[in-house]
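See structure below.
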Amino acid sequence: MPFKRFVEIGRVALVNYGEDYGKLVVIVDVIDQNRALVDSPDMVRSQMNFKRLSLTDIKIDIKRVPKKKVLVAAMEAADVKGKWEKSSWGRKLIVQKRRASLNDFDRFKLMIAKIKKAGVVRQELAKLKKETAS
Amino acid sequence: MAPKQKTRNPELIPGVRKVSRSQMYHKRGLWAIKAKNGGKFPVHAKQETLAAVEEKPPKFYPADDIKKPLSNKRTAKPTKLRASVTPGTVLIILTGRFKGKRVVFLKQLTSGLLLVTGPYKVNGVPLRRVNQTYVIGTSTKVDISGVDVSKFDDKYFGKKVEKKKKKGETEFFEADKQEKNTLPAEKKDDQKAVDALLLKALEAVPDLKAYLGARFSLKAGTKPHELVF
């Protein structure tokens, strides 16, 4: 029941609305009750409403409003990208992106692979059923 | 951008220029041109004007003035192909008896229609013409560099004009039935020739033949506007 992900300096968040949709950003300062100053290696530091941010479990060790170089170094040290891509949330997003970019031919190959896999599973199941029945 | 050219005689206010007539004469160096030419300004030799041809008055005047129709110099070009449709692309046909079939695009004919083949052995689509608007271009490409399609044009696909024969009515139906059904052997050979090379290219890519043999359809939950072809 208690909250585990807090808005704090160094909290990594995912942007869920607007033109930076889908980016991972670091909260670098809190402006007021509703807004945070947010920064990322590939964007200009800017303000963002908390409503546009989804907090993640990842936190990095920085001081209030660090210089870009310091921020980038801290993100590398904490391996934000690696942690994100290993986390289940991050993996889900990667899979979603891959599925959305599938070609018509890719979708056909996927369908064939699913059918084959289902066939193999069904065969194994039939074997097991036979064993328990006998 | 090239720097703006300096005007020798800027307009100070509308109608009033900076430099006077005699000063401009000096500025333009007309005195130097004259000096080079021995006191006179160089003149082009007069071009001989052809003697004016005497036009005879016409013998006939029409009773009413007829309006001449405007000249039309337009030449029709074949339709512009979408960027996704290039020779060798796999296309999905959307209408007609082959709707949903995935087909290989060979070339654009002069009428603008696309020349397309199944290949016939793979999905039953023969060498056929198809309109670009009824087709989805996928991003799957097949190598058709070895295929020779130069002999196919719109006349090849046009309806054969039969010479009118005078016959009795009862004989008419029987004879017609016999003529229409079979496809001439020449066309079958053309199909085989084109498909032979194509099939080799298809077999090089795994699953491509099965892909072309299957029809495209929308399944539950698929959003066409989000599909990447």
Side-chain angles (χ1 to χ4, degrees), chain A residues 13-25 40-43 48-49 51-56 81 84-127, chain B residues 82-86 88-94 98-105 116 118-119 122-123 125 130 132 134-144 198-199 201-229:
Chain A
L14 184 72
V15 180
N16 60 26
Y17 183 92
E19 52 173 57
D20 297 314
Y21 180 87
K23 277 196 189 159
L24 274 184
V25 291
S40 172
D42 60 345
M43 71 183 257
M48 233 182 234
N49 193 315
K51 292 187 180 182
R52 291 196 177 194
L53 299 172
S54 300
L55 304 179
T56 67
K81 198 162 176 228
W84 177 244
E85 282 168 6
K86 279 189 226 131
S87 73
S88 58
W89 184 1
R91 277 183 284 137
K92 266 189 271 173
L93 286 189
I94 290 170
V95 170
Q96 276 176 18
K97 235 190 236 179
R98 179 80 184 98
R99 286 200 183 139
S101 70
L102 283 179
N103 193 346
D104 189 44
F105 188 24
D106 293 333
R107 268 176 262 129
F108 175 80
K109 285 190 270 187
L110 181 68
M111 176 190 73
I112 299 290
K114 276 192 185 173
I115 292 170
K116 275 203 183 139
K117 176 182 154 214
V120 171
V121 168
R122 209 172 292 138
Q123 272 188 327
E124 286 301 314
L125 182 64
K127 266 194 230 166
Chain B
R82 276 181 261 148
S84 57
V85 175
T86 60
T89 316
V90 171
L91 307 174
I92 301 176
I93 299 180
L94 298 172
F98 297 114
K99 52 171 125 12
K101 293 275 193 196
R102 295 167 171 124
V103 131
V104 179
F105 169 50
V116 127
V122 174
N123 54 19
V125 179
V130 133
Q132 193 200 181
Y134 303 118
V135 137
I136 295 179
T138 64
S139 50
T140 316
K141 312 262 185 247
V142 177
D143 182 21
I144 61 163
L198 250 185
L199 280 166
L202 292 182
E203 271 156 23
V205 183
D207 291 330
L208 188 56
K209 255 177 96 179
Y211 173 60
L212 290 180
R215 280 208 205 222
F216 170 82
S217 70
L218 290 175
K219 311 278 198 297
T222 48
K223 296 170 198 161
H225 68 291
E226 285 181 2
L227 285 178
V228 168
F229 283 102

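Residue numbering restarts at 1 for every chain, and letters A, B, ... go by the order of the sequence lines.
- Both the backbone and the side chain of B:S139 come within less than 4.5 Å of a heavy atom in chain A.
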For side chain to side chain contact (heavy atoms under 4.5 Å, CB included), just list the numbers for B:Y211 and A:D104, CA-CA rounded to whole Å, side-chain angles, deciding distance to a tenth of an Å, and then say yes or no.
-> CA-CA 9 Å; B:Y211 173 60; A:D104 189 44; 2.7 Å; yes
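- A 6.0 Å sphere centred on CZ of A:R99 holds no more than 12 heavy atoms belonging to other residues, nucleotides or ligands.
- How far CZ of A:R107 is from NZ of B:K219: 10.0 Å, rounded to the nearest 0.5 Å.
- Residue B:E226 qualifies as enclosed at atom CD: its count of foreign heavy atoms under 6.0 Å is above 12.
- For the atom pair B:D207 CG and A:F108 CZ, the distance stands at 6.5 Å (nearest 0.5 Å).
- Residue B:L227 touches chain A through both its backbone and its side chain, counting heavy-atom pairs closer than 4.5 Å.
- Distance check, rounded to the nearest 0.5 Å: CG of A:N103 to OG1 of B:T140 gives 4.0 Å.
- The number of heavy atoms from other shown groups lying within 6.0 Å of NZ (A:K81) does not exceed 12.
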